Amino acid sequence: MNARHRALLAVVCGVAVASVYAAQPVLEPMGRDLGVPARLTGWFVATGQFGYVAGLLLLVPLGDVADRRRLIVVHLAVISVGMMLTALSSAAWQALAGLATAGVFAVVVQIAVAYAASASPPAERGRNIGVVTSGVVVGILGARVATGALAEVWGWRSVYVVLAVLALGLAALVPAVLPPDPRATSPAKYREAASSLGRLLGRRTFLTRGLIAFFLFASFGTLWSGLSTPLAAGPWQLSETQIGLFGIAGLAGALGAARAGRWADSGRATPVSGVALALLILSWAAIAQLPWSLWLLIIGIVALDFAVQAVHVSNQHVLTATCPDRLSSVIGGYMVFYSLGSALGAAATTATFTAYGWTGSSLLGSGFAVCALVVWLVVGAGSRSGTADADPVGGGRAPHPAVGTRAE
């Protein structure tokens, strides 16, 4: 896998995840235009998230029984349809249908990561996963910056038109640039691959990394779903576009963690996760200073997104190394924890901020980070001592640690 392939897959991930998160900065104009009360506009985001969870459970297992390159093309084409339906909607139900459709097929992210993992030699797997998954963070945070600017100039519908065009263009580009799926066709049937998701919960490594991801992204969601309200209020009273620019700080932090893949390749995925989780807790001390200092807030955002991306890459590296026969299923199952954690953070931060202000939200976010570190310290103790799962997802012997990392 060369740099061009990595870059293309990262862009695919960015566009796909942006289709789920693009509604966040434009909820107010969307609701006003489509006749949705302000208290219900959150469903524009929630619908995409619920669709994403459904896609993780229903579509991602296909990546273990079908050609992944072809699946990437189909998923992108359907995302384009969903985005265009949203852009052309004249009623709320039409927009919700488009967002749900795009959300279901946004799991192309997991297909792309599985493709990258299977196309990578063991010594480069972590690096390639790190580059490809960086597109996810760019899509989440970059959407906040671009969406605000597009909406101010051409209206909220332009955001979805641009995403539809990008997704369709990528669908045409993927078969021309990416080589065929290097993995031999699996004899497993879809039902067998889907049922393996349930069996994953019985594996120590998967459950440990999944719980870490749950609390990790709950902390992440607490920040990014709750940041706009205090910045728009006194004393800062920032505009929508100005608030969106804070996504650049997040991008800097997330992209700075690209080296986490190389650390994982050298067998340091577990200690990197521990250090990054400690940094995540410390980042909230700076983020809590939002009412008094924007510079400390920016430092905290950079640190938080660096930590989140470093742990996220390390988690996926460990899981793809220990479950090479079910790459799509294991990544999809892991991302269920990611989605549920993000939803928890988004829902909890609004209620907490209303009751206790930004100090309460900061304590909430740091609390989630502490829970993730506790899981790493307690539940992951066997992993650090070299204990690996004895039973791969599909049955049989566990892969040799040389498959990409030390036994995690």
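The first residue in the sequence is number 1, and the count goes up from there. Since the model is a prediction, treat every value here as computed from it, not as a measurement.
- When each of Val78, Ile79, Leu59 is paired with Val104, the side-chain contact (heavy atoms from CB on, under 4.5 Å) condition holds for Leu59 and for no other.
- Checking His312 against Tyr334 by side-chain atom types alone, a donor-acceptor pair falls below 3.5 Å.
- In this structure, Pro175 and Arg69 approach most closely via the heavy-atom pair O-NH1, 3.5 Å.
- Enclosure of atom CH2 in Trp154 is not indicated, since only 12 or fewer non-hydrogen atoms of other residues, nucleotides or ligands lie within 6.0 angstrom.
- Nearest heavy-atom pair, Leu9 versus Ala112, reported as atom, atom and distance to 0.1 Å: CD2-CB, 3.9 Å.
- In terms of the side chain to side chain contact (heavy atoms under 4.5 Å, CB included) criterion, residue partners of Ala22 (sequence neighbours excluded) are, by chain and number, Thr147, Val159, Tyr160, Leu163.
- The ring-ring contact (aromatic ring centres under 6.0 Å, His included) pairs that include a residue from residues 346-367 number zero, where partners must be two or more places apart or lie in different chains.
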**Trace of the side-chain contact (heavy atoms from CB on, under 4.5 Å) decision for Tyr115 with Val12** = CA-CA 12 Å; Tyr115 177 96; Val12 167; over 6 Å; no

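- Qualifying side chain to side chain contact (heavy atoms under 4.5 Å, CB included) partners for Leu282, counting only residues two or more places apart in sequence or in other chains: none.
- Partner of Arg157 under the side-chain contact (heavy atoms from CB on, under 4.5 Å) criterion, out of Leu88, Thr86, Asp33: Asp33 alone.
- Between the side chains of Arg209 and Ser314, not a single donor N or O lies within less than 3.5 Å of an accepting N or O.
- Pairs engaging residues 88-111 under the ring-ring contact (aromatic ring centres under 6.0 Å, His included) rule: His75-Phe105 [sequence neighbours left out].
- Nearest heavy-atom pair, Phe44 versus Ala95, reported as atom, atom and distance to 0.1 Å: CE2-CB, 4.2 Å.
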**Item:** Full working for side-chain hydrogen bond (donor to acceptor under 3.5 Å, both in side chains) between Trp284 and Ser219
**Value:** CA-CA 9 Å; Trp284 278 103; Ser219 184; 2.8 Å; yes

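- Legend: residues meeting side chain to side chain contact (heavy atoms under 4.5 Å, CB included) with Phe50, ordered by chain and number and at least two apart, are Trp43, Ala46.
- Remark: the Trp376 side chain and the Thr208 side chain contain no N/O donor-acceptor pair separated by less than 3.5 Å.
- Considering every non-hydrogen atom in both Ala106 and Val20, the closest pair reads CB-CG2, 3.7 Å.
- Nearest approach of Ala249 to Ile298, heavy atoms of both residues: CB-CG2, 4.0 Å.
- Minimum interatomic distance between Phe206 and Gly333 (heavy atoms only, all atoms of both residues): CZ-C, 3.5 Å.
- Every residue meeting the side chain to side chain contact (heavy atoms under 4.5 Å, CB included) condition with Ala303, not counting sequence neighbours, appears here in chain and number order: Leu279, Ser283.
- Under the 30°/60° scheme for interplanar angles, the aromatic rings of Phe220 and Phe217 are found to stand perpendicular.
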